[in-house]
Amino acid sequence: MANMENLSQQHLDVLKEVGNIGAGNAATALSSLLGKKIDMSVPSIQIVDFNELMEYVGGPEQIIVSVFLRIQGEAPGSMFFVLSPEEATSLVEQLTGTSGDDIGENDLAISAISEIGNILSGSYLSALSDFTSINLQPTVPNVTIDMAAAILMQGLLEISQESDYAIIIDTMIEEEEQSNESVKGHFFLLPDPDSFDEIFKALGVEEL
């Protein structure tokens with residue numbers, strides 16, 4: 001099993017390159033869907049332990065909007081796309097032109113967040129699958145609005161028995177004509193314990 005403490009800058013650079021390709025694919029898909037130019041980028045990738053992961057979103061009691069899906073195939077795991085309620089509201093309004101207020105009670109806003117999360121997650125997994133030639137398939141996304149601890153433990157429960165770390169892929173999303181109103185979301189990539197070795201071996205970087 002991979003030891004996350006041994007992740008090097010080379011590993012992070014490879015993951016960031018995969019993330020940027022996924023962001024490019026997602027921007028193209030969103031631009032086509034919405035009929036407007038969408039820009040996306042990956043400013044940073046970090047490796048954090050579970051306590052840091054909670055603090056990263058404002059603490060275990062912080063309310064967050066999450067799109068969760070399982071990764072199925074040869075390197076299974078979990079993936080979350082996480083936004084603050086304010087960022088989710090702004091994203092819905094920027095991308096659809098409709099109100100994202102009261103997002104928990106707004107079926108249209110939930111549907112938009114689900115579709116955006118589905119496109120983004122699928123684009124990242126497609127880029128990772130292309131890089132590694134590993135078959136990776138996302139399940140149907142599930143949108144949840146709740147405290148961070150309640151949401152994130154869903155994905156952490158299985159791997160926390162053997163690993164204490166997760167990969168955070170920060171993502172900036174903006175409509176080209178509204179570049180001063182960018183939205184920052186976070187992807188939490190949590191490969192199952194044995195999947196780390198499979199992914200980095202396929203990426204051609206040194207073993208962990």
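Just so you know, residue 1 is the first one in the sequence shown, and it goes up from there. All heavy atoms count here, side chains included; hydrogens, waters and symmetry mates do not. Not measured: the values here are computed from a predicted model.
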Report yes or no: does [X] contribute a side-chain atom to a donor-acceptor pair with the main-chain N or O of [Y] at less than 3.5 Å?
X	Y	value
Arg70	Pro138	no
Lys16	Pro43	yes
Ser78	Leu190	no
Ser66	Val82	no
Ser90	Glu86	no

Would you name the heavy atoms of Ile145 and Ile151 that are closest together and state the gap between them?
-> C-CD1, 4.3 Å
Nearest heavy-atom pair of Leu12 and Ile47: which atoms, and what distance?
-> CD2-CG1, 3.6 Å
Under 3.5 Å, which donor-acceptor pairs do the side chains of residues 112-128 form with other protein atoms, sequence neighbours left out?
residue, atom, partner, partner atom, Å
Ser121, OG, Gly117, O, 2.7
Ser123, OG, Ala26, N, 3.4
Ser123, OG, Ile119, O, 2.8
Tyr124, OH, Thr171, OG1, 3.0

All pairs passing side-chain hydrogen bond (donor to acceptor under 3.5 Å, both in side chains) where residues 130-141 contributes a residue, at least two apart | Asn135-Gln137
side-chain hydrogen bond (donor to acceptor under 3.5 Å, both in side chains) pairs touching residues 55-64, sequence neighbours excluded, are Gln46-Tyr56, Tyr56-Asp170
Please list, chain by chain and in numerical order, all residues satisfying side chain to side chain donor-acceptor pair (under 3.5 Å) with Asp13, sequence neighbours excluded.
-> Gln9
Ser84 side, atom OG; Lys184 side, atom NZ - distance, nearest 0.5 Å = 11.0 Å
Rounded to the nearest 0.5 Å, the CZ atom of Phe80 sits from the CG atom of Asn142 at a distance of 10.0 Å
Side-chain contact, heavy-atom cut-off 4.5 Å: Ile63 with Met147?
-> yes
Can you check whether Val18 reaches Ile169 side chain to side chain, under 4.5 Å on heavy atoms?
-> no
Passes side chain to side chain contact (heavy atoms under 4.5 Å, CB included), Glu87 versus Leu91? Steps please.
-> CA-CA 6 Å; Glu87 295 277 23; Leu91 183 61; over 6 Å; no
Side chain to side chain contact (heavy atoms under 4.5 Å, CB included) against Ser32, all qualifying residues, sequence neighbours excluded | none
Any residue meeting side chain to side chain contact (heavy atoms under 4.5 Å, CB included) with Glu198, in chain and number order, not counting sequence neighbours | Ala75, Ile134
